[in-house]
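Please read these numbers as outputs of a predicted model, since none were measured by experiment.
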Amino acid sequence: MSIDFVISAWRAWAPGLADGDDWLLWRTGEKTVADNGQPDVSFLPAMQRRRLSPMAKAAFATAYPLINERDIPLVCCSVHGEALRTYSLLRDAAAGEALSPTAFGLSVHNAIAGQLSILCDIKSPALALAGGDYPLQAGLLEAAGMLAEGVPELVLLFCEEPLPEMYLSSARSPQFICATALHLSTSAAGAAGLKATLTSPREGLAAAPSSSAFAAADYQLPLISALVDGDGRMPVGQGWELCIHGE
């Protein structure tokens, strides 16, 4: 089985790497991820910026320009979501302190998708996925399914942040905040961009190996590498592969 679509545009953010030129230098080894850094969300009102976590700011910095004031569907996929906010709430609960309803509302798994849909005035569906072991597979299959059902375009967002130390015994932590947003459209629409195919293994053939996100937490980096190159093939989970063909 294969599913074709077009990556019409993409953006990714990690500390010190904010645009396509930065990622190209990263790909050639001329630039590395910085120890710290803040996404540029100056396009948002100050009151809204203050509500966003660092990971949410990275999500906005990547997804917002691709939405570009259009009412299009959004799929937001993350393995752990707002882990730091949730951990802070759990510590407060354990200490018997009162919990902030606002902090709770901003910690739930669909918080980033909800904030994006509100601030971008998206009335189309905005979905939040818990990516599990294979977030690339989860996000891409959900997006491909929506395109197959007649949605002409959508934005697919992946975002992760380092985990609190107490979780490290059961999951490998991302090394840094990273967000990747893809503007996807159907290949039949004739849109310009990178041609992509999502394939499942044929019967009788061995599936391509893929590491769980709990063991390979920086799962977005191989995807970003292929996007920068404009070409590449990578396993995304449970036998599924993503092939980027170039323009």
Side-chain angles (χ1 to χ4, degrees), residues 7-27 31-85 106-122 124 126-129 131 135-136 139 143 153-163 173-184 193-194 217-228:
I7 303 174
S8 308
W10 66 274
R11 292 181 65 92
W13 188 93
L17 304 171
D19 57 30
D21 290 339
D22 288 337
W23 285 106
L24 179 59
L25 293 173
W26 167 80
R27 187 72 176 116
K31 200 165 188 177
T32 60
V33 178
D35 292 334
N36 51 58
Q38 289 292 325
D40 180 9
V41 288
S42 57
F43 52 83
L44 295 174
M47 181 177 296
Q48 301 298 336
R49 292 199 302 267
R50 287 194 292 269
R51 291 169 60 90
L52 298 178
S53 68
M55 184 176 72
K57 289 178 180 178
F60 266 80
T62 54
Y64 189 92
L66 301 188
I67 295 170
N68 195 25
E69 300 182 353
R70 289 174 294 180
D71 181 13
I72 61 177
L74 170 70
V75 178
C76 181
C77 185
S78 180
V79 177
H80 300 290
E82 294 269 15
L84 296 179
R85 284 191 188 273
L106 295 174
S107 73
V108 297
H109 204 77
N110 65 346
I112 290 177
Q115 290 173 93
L116 272 166
S117 64
I118 292 170
L119 294 176
C120 297
D121 196 27
I122 297 175
S124 297
L127 308 180
L129 299 179
L136 291 176
E153 60 177 350
L154 58 87
V155 169
L156 172 60
L157 170 68
F158 299 97
C159 52
E160 305 294 345
E161 67 181 355
L163 296 174
S173 175
Q175 301 175 63
F176 41 78
I177 292 173
C178 188
T180 307
L182 311 175
H183 179 273
L184 306 181
L194 299 173
D218 295 312
Y219 63 86
Q220 296 175 70
L221 297 184
L223 173 61
I224 296 171
S225 295
L227 292 169
V228 172

Please find the pair of heavy atoms, one from Ala128 and one from His109, that lie closest to each other, and give the distance. CB-O, 3.8 Å
Starting at CG of Leu127, measure out to CG of Asn110 and round the result to the nearest 0.5 Å. 10.0 Å
Show the nearest heavy-atom pair for residues Ala113 and Cys76, with the distance to one decimal. CB-CB, 4.0 Å
Rounded distance [0.5 Å steps], CD in Glu161 versus SG in Cys178: 12.0 Å
Thr32 OG1 to Asp22 CG distance, which is reported to the nearest 0.5 Å: 11.0 Å
Applied to residues 67-83, the salt bridge (charged side-chain N to carboxylate O under 4.0 Å, His left out) test, sequence neighbours excluded, yields Arg70-Glu153, Glu82-Arg85
Could you tell me whether a side-chain N or O of His183 sits under 3.5 Å from a main-chain N or O of Arg11, the two making a donor and an acceptor? no
Do Ile177 and Pro162 touch side chain to side chain, with heavy atoms closer than 4.5 Å? yes
Under 3.5 Å, sequence neighbours excluded: what are the donor-acceptor pairs made by side chains of residues 34-42?
residue : atom : partner : partner atom : Å
Asp40   : OD1  : Ser42   : N            : 3.0
Asp40   : OD1  : Ser42   : OG           : 2.8

Within-4.5 Å side-chain heavy-atom neighbours: Ile7 and Leu184: yes
Separation between OG of Ser117 and CD1 of Ile122, rounded to the nearest 0.5 Å: 6.0 Å
Do the non-hydrogen side-chain atoms of Leu163 and His80 ever get within less than 4.5 Å of each other? yes
Taking the side chain as every heavy atom from C-beta outward, state whether Phe158 and Thr62 have any atom pair closer than 4.5 Å. no
First locate atom OG of Ser53, then atom CD of Gln115, and finally report the distance between them rounded to the nearest 0.5 Å. 7.5 Å
Using only atom types and a distance under 3.5 Å, with no angle test, would you say the side chain of Glu160 pairs donor to acceptor with the backbone of Val79? yes
Measure the acute angle between the ring planes of Trp23 and Trp26, then classify it against the limits of 30° and 60° as parallel, tilted or perpendicular. perpendicular
Grab the two heavy atoms, one from Ala12 and one from Thr180, that are nearest each other, plus how far apart they are. CB-OG1, 4.0 Å
Can you list the steps and then say if Trp10 with Val228 is a side chain to side chain contact (heavy atoms under 4.5 Å, CB included)? CA-CA 10 Å; Trp10 66 274; Val228 172; 3.8 Å; yes
What distance do Phe60 atom CZ and Cys159 atom SG have between them, rounded to the nearest 0.5 Å? 10.5 Å
Identify each donor-acceptor pair in which a side-chain atom of residues 45-52 lies under 3.5 Å from a protein atom, sequence neighbours left out, and give them as a table.
residue : atom : partner : partner atom : Å
Arg49   : NH1  : Leu44   : O            : 2.4

Quick one: are Ile112 and Leu157 in side-chain contact, heavy atoms under 4.5 Å? yes
Test side chain to side chain contact (heavy atoms under 4.5 Å, CB included) applied to Leu227 and Leu182, step by step: CA-CA 10 Å; Leu227 292 169; Leu182 311 175; 3.7 Å; yes
Is the closest side-chain heavy-atom distance between Val155 and Leu116 below 4.5 Å? no
